[in-house]
Amino acid sequence: MRKYWIIQRKSFSFLVDKKSAFGIVVLSLAALLAMLVSIGVGDMYIAPWDVFNALLGTGLDINQLIITEFRLPRVLVAFIAGASLALSGAILQGIIRNPLASPDMIGITGGAGFAAVAFLTMFSDDSNNLLLSINYLPLFAFAGATIVAFLIYGLAWKDGVTPIRLILIGIGLMALLQALTTLMMLIGPIYRASQATIWLTGTVYGTSWKEVKAILPWFLGLMPILVLLVRRLNIQGFGDDLTTGAGISVHRERFMLLMICTALAGSAVAFAGAMGFVGLIGPHIARRITGSSFGGLFPASALIGGIMVVLADLAGRTLFSPLEVPAGVFTAAIGAPYFIYLLFKNQ
């Protein structure tokens, strides 16, 4: 019989076995290592011990300036965005009970992308100047993801929402949103189309502490809610009848989880662009490490997603220097073959 560590706090509890806990510890160390390497590597290389000194406030002034003002915010946003997308994918795979589900597959990130491109197109004048501040772009992206999530849920409703209807409606909306996004880019200014393409690919270029302060509350605020819902999401994996028999309102729980998924994906896309395949790959790799229980799957997915985007951003900054390639190019380059592999594996 497997031994479990049971963590209880008043009204919630979740189970993490020793194997999962060990995997999470290893992934945490790997995440710290990836972030330290990414902070130190760039046009100006900074040795690991100098990175530590700069983070502690005792390093050279030039190192502290480069790290604290330019690299650290960028790495933090990359990690949080990757973790949010992977968590969003893990939630969707649990709701829909389909290993191929992810926020970009059912149109949630597509909604954010369309709203962002519409903002760049509709609020540009003939001189390529924005009529509204670029700071409104994340707000539009988040609103787009939220509206699409409500549309998916509303159109899938027929005496309740079933996983198969949810994913079919999502795929249909995704195709429509891709067409509308392309249309917006064609009718808008050429300069904005180029800017939109880079953003849709996914990048954390030019990130500052302002973006860190904006995305961090979303991520930290949703974590306690996920912890509360872990056990009930595990039960949903056994089917709607058993979940209802356990006294859980299936449709209410499904709606709540979809909204959390949207908030995580929307906030990530709003500040880092539409990083492809992170929400699909992260949970899959995590499931191989921790198993299918969401108590271990959630933290492992978040760590793997964060590592993926941090390393993708590092590759984009360094491999083709001085040219900077968006991080989404590398996540897609890894994700597309992996997706094909999953299609064959799952028949």
Side-chain angles (χ1 to χ4, degrees), residues 81-82 84-85 88-89 92 100-126 128-156 166-206 258 261-280 309 312 316 325-333 335-336 339:
S84 297
L85 288 171
S88 179
L92 271 181
L100 301 179
S102 67
D104 43 342
M105 295 294 173
I106 71 166
I108 292 176
T109 57
F114 169 71
V117 174
F119 168 82
L120 292 172
T121 300
M122 295 170 60
F123 295 103
S124 293
D125 60 18
D126 294 335
N128 286 331
N129 296 317
L130 279 175
L131 302 177
L132 288 179
S133 171
I134 194 67
N135 294 328
Y136 286 101
L137 177 63
L139 180 62
F140 272 72
F142 183 79
T146 304
I147 292 170
V148 168
F150 276 106
L151 277 174
I152 292 171
Y153 198 85
L155 293 173
L166 204 64
I167 195 167
L168 288 176
I169 292 293
I171 291 172
L173 280 175
M174 176 190 67
L176 175 62
L177 288 165
Q178 286 178 339
L180 292 174
T181 301
T182 303
L183 177 63
M184 279 290 176
M185 293 172 67
L186 289 173
I187 65 176
I190 295 176
Y191 171 77
R192 295 301 174 194
S194 176
Q195 186 180 9
T197 301
I198 294 173
W199 188 88
L200 287 170
T201 305
T203 181
V204 287
Y205 175 78
L258 183 61
C261 166
T262 302
L264 287 167
S267 61
V269 175
F271 294 100
M275 299 276 183
F277 294 101
V278 178
L280 173 69
V309 178
V325 179
V329 170
F330 293 94
T331 60
F339 179 64

Contact summary for A141 and A270, nearest pair of heavy atoms: CB-CA, 3.9 Å
Roughly how far, to the nearest 0.5 Å, is the CD1 atom of I152 from the CE atom of M174? 10.0 Å
Given 3.5 Å as the limit, does a donor-acceptor pair link the side chain of T262 with the main chain of A145, or not? no
F142 side, atom CZ; I147 side, atom CD1 - distance, nearest 0.5 Å: 11.0 Å
Measure across A327 and M275 and return the closest heavy-atom pair with its distance rounded to 0.1 Å. CB-CE, 3.8 Å
S102 side, atom OG; L92 side, atom CG - distance, nearest 0.5 Å: 7.5 Å
Distance check, rounded to the nearest 0.5 Å: L120 atom CG versus T197 atom OG1? 10.0 Å
For V204 versus A272, what's the shortest heavy-atom pair and its separation? CG1-CB, 3.8 Å
Considering only heavy atoms from C-beta outward, does the side chain of M105 approach that of I171 to under 4.5 Å? no
In Å and rounded to the nearest 0.5 Å, what is the CD1 to CG distance from I108 to L151? 11.5 Å
Identified side-chain contact (heavy atoms from CB on, under 4.5 Å) partner of M185 from the options T182, T181, I187: T181
Taking every non-hydrogen atom, the tightest pair across P326 and T203: CB-CB, 4.1 Å
Nearest 0.5 Å please: distance from the CG atom of L258 over to the CD1 atom of I106. 6.0 Å
Residues G111 and L177: closest non-hydrogen pair is N-CD1, 3.6 Å
Any donor-acceptor pair under 3.5 Å from S88 side chain to S84 backbone: no
Taking G328's backbone N and O only, do any of them form a donor-acceptor pair with T331's side chain (distance below 3.5 Å, no angle check)? yes
Please check if the side chain of D104 supplies one atom and the backbone of F277 the other of a donor-acceptor pair under 3.5 Å. yes
